[in-house]
Participant: 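Here you go, one structure.
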Amino acid sequence: YHDELRKNNLIDFDQILLLTHGLFKAHPELVEAERQRFDAILIDEFQDTDPVQYDIIRALAQRHNNLFAVADDDQSIFAWRGAHTGNIARFLDDFACRDRLVVLNENYRSAQCIIDRSAQLLAGHRLIEKRLQAALTPRNGFAPEIAFRQFADDTEETAFILEQIAALKGECPALNYADFAILYPIHAIGEQLETKLLSAKIPCQLVKRQGVFDQD
């Protein structure tokens, strides 16, 4: 792979970072020249940065220390590709800005019951304490009950979902299957659920994002 890249005078995303990091370490004069280009630096989605990216950012901001980072440690989901939430703590310490930390406690996405249950799951794992409050009131004051459940495997989880749909339909015959929605994190789960639902004679529609070429 790397031989082919070199042959075609190409580099990939990882190499952009690694080569830049290596050049900065080997050539301090290059770092200084790059620092002169920026009076201030803003980094969004800072929780998704990895240690190499952090070293590059720190090197670029070292002259003026004008670095503004926007981050949410609750949304850090890319550890599998090297993202490190510890960068948030490093930033606060390296740039001595814990007294300039701004926490946005208003949540415009979820009802308070969802926020509260999420806080229970995240208790003890947050780098920065928050007191999140819902900025929006649910329509008609509706606040659904939320329960946590753990399953031995996918088969047990799917069986539970089917049982819940049947139970709710039994309790409220006016419900249509179109009134139910199942949210899942990856497409493979949706495909498995679709097979099981159709086998149980429950009509369903697998909703996928709109492709680029499907747009008008």
Side-chain angles (χ1 to χ4, degrees), residues 17 38-152 154 156-157 160-161 164-165 167-168 172 179-187 189-190 193 207 209:
L17 297 175
F38 308 102
D39 294 323
I41 299 172
L42 184 148
I43 308 293
D44 196 11
E45 304 292 357
F46 194 77
Q47 75 276 358
D48 296 335
T49 58
D50 59 40
V52 171
Q53 289 171 311
Y54 182 83
D55 286 345
I56 294 170
I57 293 164
R58 187 182 178 196
L60 290 173
Q62 213 160 38
R63 181 176 61 87
H64 49 63
N65 282 346
N66 291 332
L67 177 60
F68 189 100
V70 182
D72 184 357
D73 54 312
D74 291 352
Q75 295 189 52
S76 182
I77 59 172
F78 292 111
W80 56 272
R81 64 156 175 76
H84 198 308
T85 53
N87 283 351
I88 298 173
R90 286 182 67 188
F91 163 70
L92 293 173
D93 292 333
D94 289 348
F95 292 87
C97 57
R98 287 187 179 272
D99 60 339
R100 287 176 285 163
L101 177 66
V102 178
V103 180
L104 304 179
N105 280 314
E106 283 189 300
N107 184 300
Y108 286 83
R109 292 182 174 179
S110 304
Q112 192 63 45
C113 58
I114 296 174
I115 294 170
D116 292 341
R117 296 299 176 272
S118 299
Q120 289 179 355
L121 285 174
L122 294 167
H125 297 285
R126 280 176 163 166
L127 291 173
I128 298 168
E129 282 306 311
K130 308 175 184 74
R131 298 285 185 273
L132 296 178
Q133 295 295 318
L136 304 176
T137 303
R139 286 182 299 175
N140 305 321
F142 177 69
E145 285 296 320
I146 299 172
F148 300 139
R149 295 187 181 274
Q150 190 169 7
F151 302 97
D154 294 343
E156 185 179 312
E157 182 180 22
F160 171 79
I161 292 170
Q164 289 297 297
I165 293 174
L168 289 168
C172 185
D179 296 319
F180 294 85
I182 304 171
L183 306 181
Y184 47 86
I186 57 175
H187 292 304
I189 295 175
L193 282 169
V207 179
R209 72 175 183 83

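Since we're looking at a predicted model, the values are computed, not measured.
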Participant: Considering residues at least two apart in sequence or located in another chain, which fulfil the side chain to side chain contact (heavy atoms under 4.5 Å, CB included) criterion with Glu157?
Facilitator: Phe151, Asp154, Ile161
Participant: With rounding to the nearest 0.5 angstrom, report the CG to CD distance, Leu122 to Glu129.
Facilitator: 10.0 Å
Participant: Rounded to the nearest 0.5 Å, how far apart are CG of Asp99 and CG of Leu92?
Facilitator: 10.0 Å
Participant: Do the charged groups of Asp73 and Arg126 touch, with an N to O distance under 4.0 Å?
Facilitator: no
Participant: Do Asp179 and Leu168 have side chains that approach each other closer than 4.5 Å (heavy atoms only, starting at C-beta)?
Facilitator: no
Participant: Is the shortest heavy-atom distance from the side chain of Arg58 to the side chain of Asp55 under 4.5 Å?
Facilitator: no
Participant: To the nearest 0.5 Å, how far apart are CG in Asp74 and CG in Leu132?
Facilitator: 7.0 Å
Participant: Looking only at heavy atoms, which two atoms of Ala134 and Ala111 are closest? And how far apart?
Facilitator: CB-C, 4.1 Å
Participant: For residues 39-76, pull every pair meeting ring pair (Phe, Tyr, Trp, His ring centres under 6.0 Å), keeping only residues two or more places apart or in separate chains.
Facilitator: Phe46-Phe91
Participant: Checking the side chain of Gln62 only, and the main-chain atoms of Ala59 only, is there a donor and an acceptor separated by less than 3.5 Å?
Facilitator: no
Participant: Would you sort out whether Gln133 and Ile115 count as a side-chain contact (heavy atoms from CB on, under 4.5 Å), showing the intermediate values?
Facilitator: CA-CA 7 Å; Gln133 295 295 318; Ile115 294 170; over 6 Å; no
Participant: Looking at CD of Gln112 and CG of Asn107, how far apart are the two atoms once the value is rounded to the nearest 0.5 Å?
Facilitator: 8.0 Å
Participant: Which heavy-atom pair separates Pro51 from Gly82 by the least distance, and what is that distance?
Facilitator: CD-O, 3.7 Å
Participant: Could you pull out the closest heavy-atom pair between Ser76 and Thr85, with the gap in Å?
Facilitator: OG-CG2, 2.9 Å
Participant: Surrounding CZ of Arg109 (heavy atoms of other residues, nucleotides or ligands, distance under 6.0 Å), is the total greater than 12?
Facilitator: no
Participant: For the side chain of Asp48 and the backbone of Ala83, is there at least one donor-acceptor N/O pair under 3.5 Å apart?
Facilitator: no
Participant: With Arg98, which residues qualify under salt bridge (charged side-chain N to carboxylate O under 4.0 Å, His left out), at least two apart?
Facilitator: Asp93
Participant: Is any side-chain heavy atom of Gln164 closer than 4.5 Å to one of Phe180?
Facilitator: no
Participant: For the backbone of Lys130 and the side chain of Asn105, can you confirm whether one donor and one acceptor N or O come within less than 3.5 Å of each other?
Facilitator: no
Participant: Drop me the distance from Leu67's CG to Ile57's CD1, to the nearest 0.5 angstrom.
Facilitator: 7.0 Å
Participant: If you count every heavy atom of other residues, nucleotides or ligands that lies below 6.0 Å from Gln150 atom CD, does the total exceed 12?
Facilitator: no
Participant: Distance check, rounded to the nearest 0.5 Å: Phe95 atom CZ versus Asn66 atom CG?
Facilitator: 9.5 Å
Participant: Residues in side chain to side chain contact (heavy atoms under 4.5 Å, CB included) with Val102, at least two apart?
Facilitator: Leu104
Participant: Could I get the full list of side chain to side chain contact (heavy atoms under 4.5 Å, CB included) partners for Ala135, not counting sequence neighbours?
Facilitator: Glu106, Tyr108
Participant: Quick one: does any side-chain atom of Gln47 pair with a main-chain N or O of Asn87 as donor and acceptor, under 3.5 Å?
Facilitator: no
Participant: Tell me, please, which residues at least two apart from Gln75 pass side-chain hydrogen bond (donor to acceptor under 3.5 Å, both in side chains).
Facilitator: Asp72
